[in-house]
Amino acid sequence: MRFELRNGNIPTMPEDRLSNPEVRVRFAPSPTGYLHVGGLRTALYNCLFARKHHGVFILRIEDTDRTRLVEGAVENLIQSLRWAGLDYDEGPGKDGPYGPYVQSQRLAIYRERADYLLQTDHAYRCFCTSERLEAMRKSIEKSKQSFKYDRTCLGLPESEVVKKVQDGVPYTIRMRVPDHTTVAFCDLVRQDVEINTANIDDQILIKSDGYPTYHMANVVDDHLMQISHVIRGEEWLSSTPKHVLLYRYFGWQPPAFAHLPLLLNPDRSKLSKRQGDVAVEDYRAKGYLSEALVNFVALLGWNPGDDREIFDRSGLVQEFSIERVNKAGAIFNLEKLNWLNEQHLRAKPSGELREWLREMLPDSGAAFSDDYLDHAIRLLRERISFPQDLLRLGSYFFQDPTTYDPEGIRKRWKEDSAAWLATLVSKMETVEAFTSEGLEVIYKEIASSLGVSNSELIHPTRLAISGLAGGPGLFELMEVLGRDTVIRRIRRALAVLSGVG
RNA sequence: GUCCCCGUCGUCUAGCUCGGCCUAGGACAUCGCCCUUUCACGGCGGUAACACGGGUUCAAAUCCCGUCGGGGACGCCA
């Protein structure tokens with residue numbers, strides 16, 4: 001027997017799906033603590049797909065495992081999604097016509113559907129204890145066979161089932177999977193996939209605590225919420241036949257499926273906490289811009305087909321297409337993320353960088369004018385990778401140096417440096433315009449009158465006023481810092497460094 | 001172990017549907033050079049890949065088969 005679903009009630013070609021006037025997609029995380037970057041990518045693709053096709057993006061909370069509930073996880077999830085700019089149209093706190101959007105609030109619906117399956121003989125009660133199942137699993141593991149429930153409870157006489165239920169014996173409800181049947185479905189990413197039910201066991205649909213398993217809840221909700229496309233991680237690929245079977249049992253048309261390639265650790269295993277940060281909030285805390293993180297995960301498994309790599313959200317919506325999603329898993333590699341972060345950061349308007357800077361500065365940088373801060377940002381812009389670099393790399397814009405880079409001293413502070421700087425200072429005191437251009441002229445004049453190279457004056461000056469050996473162009477820097485600050489710092493450096501060199 | 005999915009530079013990938021335009025393109029990283037008072041930015045250039053073996057064909061990264069490798073699933077988790 002062949003259970004052919006390919007040409008029946010399920011449209012096979014992607015075009016059939018893409019022309020669906022009513023695109024409804026969902027991101028359906030379980031609230032176990034935080035938003036995983038893999039989840040972010042799944043949510044993003046769903047959102048992009050919805051926006052691209054003027055459809056609806058839904059957030060559904062899959063909280064059917066009471067043992068893994070984490071306090072505040074839903075709020076955290078929503079916050080991370082919002083930070084990433086992924087706003088949903090229906091979901092918790094945003095009611096739509098298909099709510100509630102939290103599975104623990106939909107128990108009666110699952111129960112009703114389970115009863116229907118029981119009545120139509122597509123499911124049966126199972127009284128086996130988890131201990132028995134566990135023992136079976138162990139012995140089968142030894143013999144290196146694959147585990148399948150042995151259907152002990154399928155053969156139970158009706159009278160016995162009734163009696164056990166009356167006696168209050170806990171039970172689960174299992175779906176009845178047909179023998180030796182090929183289930184085929186079309187995946188938008190992988191084309192046709194088929195699997196024989198010989199390798200599928202009678203999946204539990206309702207747990208003994210009355211909650212549904214993912215498989216049950218996911219199918220019921222996707223149908224009732226009229227989800228048109230299920231876009232989810234590849235880890236679900238091998239259980240999709242079970243879902244297809246359930247749609248069949250219910251007489252429902254399945255949605256289109258698109259299984260996204262996994263995000264991988266550097267060793268190519270499924271991305272996990274052990275090998276680095278996986279929570280969106282971790283990246284946020286480190287100073288990654290949401291634009292950069294979103295841009296980065298978008299490119300992990302998808303590309304626009306040309307050389308463009310820097311995208312903002314609207315660009316992604318415009319270019320995204322599910323057909324261009326790759327099949328192979330992608331390593332979550334920080335190097336490119338860092339580069340993207342720099343690109344997005346450096347493209348930021350000055351005002352936004354200034355506000356961040358104020359947040360990092362004591363007293364919100366009350367001592368500094370917007371104008372001053374903007375000048376500092378102009379000089380720092382091309383040198384930063386993270387917002388906090390504004391402070392880390394540019395501390396000298398906000399306070400006098402307290403130490404001098406030893407390597408800089410060794411390389412640049414010569415025996416005569418102090419004397420030369422003293423000459424420069426006296427000139428600076430009297431010069432009319434303390435500007436970049438004017439200072440450059442002075443340095444050139446004094447260098448030639450002293451018979452030294454320009455850089456023999458420039459480097460010690462930089463060291464004296466910034467404490468560092470590198471940074472923005474010296475004359476621009478001096479102009480921004482201003483005459484008083486520059487002279488004060490050089491004098492202090494002279495006092496500290498006069499014995500050196 | 002079983003089933004499913006996948007396999008182009010170190011990494012992300014283009015090219016594969018409709019074989020020839022591919023002595024395989026781009027980006028990140030890396031190395032070198034240039035620009036330059038420094039650090040960066042920027043520019044230029046280099047190293048670097050079609051997993052392997054068969055087959056089909058005048059022609060294969062592209063089609064077919066096999067092998068190997070990697071991953072995922074195999075939970076009263078999702």
Donor-acceptor pair, [X] side chain versus [Y] backbone, under 3.5 Å?
{"X": "A:Gln388", "Y": "A:Lys286", "value": "yes"}
{"X": "A:Ser395", "Y": "A:Arg392", "value": "no"}
{"X": "A:Arg26", "Y": "A:Arg60", "value": "no"}

Select base, sugar-phosphate, or nothing to describe what [X] touches, counting heavy atoms under 4.0 Å on all strands.
{"X": "A:Cys128", "result": "base"}
{"X": "A:Gly473", "result": "base"}
{"X": "A:Arg383", "result": "base"}
{"X": "A:Phe147", "result": "sugar-phosphate"}
{"X": "A:Arg308", "result": "nothing"}
{"X": "A:Asp307", "result": "sugar-phosphate"}
{"X": "A:Pro266", "result": "nothing"}
{"X": "A:Leu474", "result": "base"}

Phosphate OP1/OP2 of [N] contacted by [X] side-chain N/O (<4.0 Å):
{"X": "A:Asn326", "N": "B:G7", "result": "no"}
{"X": "A:Lys270", "N": "B:A73", "result": "yes"}
{"X": "A:Arg268", "N": "B:C12", "result": "yes"}
{"X": "A:Thr64", "N": "B:A78", "result": "yes"}
{"X": "A:Arg137", "N": "B:G75", "result": "yes"}
{"X": "A:Lys207", "N": "B:A78", "result": "yes"}

Is the gap between the ring centers of A:Phe296 and A:Phe332 under 6.0 Å?
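Ring centroids of A:Phe296 and A:Phe332 are less than 6.0 Å from each other.
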Closest to the [X] side chain, choosing from [options]:
{"X": "A:Leu262", "options": "B:C3, B:G72, B:C76", "value": "B:G72"}
{"X": "A:Arg324", "options": "B:C3, B:G15, B:G71", "value": "B:G15"}
{"X": "A:Asn303", "options": "B:A78, B:C5, B:A14", "value": "B:A14"}
{"X": "A:Ser30", "options": "B:A78, B:C76, B:C3", "value": "B:A78"}
{"X": "A:Thr172", "options": "B:C76, B:A78, B:C3", "value": "B:C76"}
{"X": "A:Trp339", "options": "B:C4, B:A73, B:A27", "value": "B:A27"}
{"X": "A:His459", "options": "B:U37, B:C3, B:C5", "value": "B:U37"}

5′-ward residue of the pair A:Trp236/A:Leu264 relative to RNA chain B:
A:Leu264
Between A:Glu234 and A:Arg346, who's closer to the 5' end of RNA chain B by nearest nucleotide?
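So the residue in question is A:Glu234.
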Considering residues, nucleotides and ligands other than A:Arg176, do more than 12 of their heavy atoms fall under 6.0 Å from its CZ?
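Atom CZ in A:Arg176 is not crowded, with 12 or fewer foreign heavy atoms closer than 6.0 Å.
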Tell me the partner of [N], counting only Watson-Crick (N1-N3 plus N6-O4 or O6-N4) or G-U wobble (N1-O2 and O6-N3) with both under 3.5 Å; none if nothing fits.
{"N": "B:U30", "value": "B:G46"}
{"N": "B:C16", "value": "none"}
{"N": "B:C74", "value": "B:G1"}
{"N": "B:C68", "value": "B:G7"}
{"N": "B:C63", "value": "B:G55"}
{"N": "B:A40", "value": "none"}

How far, in whole Å, is B:G19 from B:A27 if one measures between their P atoms?
29 Å
Interface with RNA chain B, restricted to residues 329-336 of chain A and to heavy atoms under 4.0 Å:
A:Ala330, A:Ile331, A:Asn333, A:Glu335, A:Lys336
What distance do A:Phe320 atom CZ and A:Asn303 atom CG have between them, rounded to the nearest 0.5 Å?
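Between A:Phe320 CZ and A:Asn303 CG, I get 11.0 Å after rounding to 0.5 Å.
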Among A:Lys327, A:Glu234, A:Glu235, A:Arg41, which one satisfies side-chain contact (heavy atoms from CB on, under 4.5 Å) with A:Leu260?
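Filter result, single survivor: A:Arg41.
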Ignoring hydrogens and angles, answer whether the base of B:C76 and the side-chain atoms of A:Ser208 contain a donor-acceptor pair closer than 3.5 Å.
yes
Determine the interplanar angle of the A:Phe185 and A:His259 rings, folded into 0 to 90°, and report it as parallel if under 30°, tilted if 30 to 60°, perpendicular if over 60°.
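A:Phe185 and A:His259: perpendicular rings.
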Shortest non-hydrogen contact between A:Ser208 and A:Thr172, atoms and distance:
N-CG2, 3.7 Å
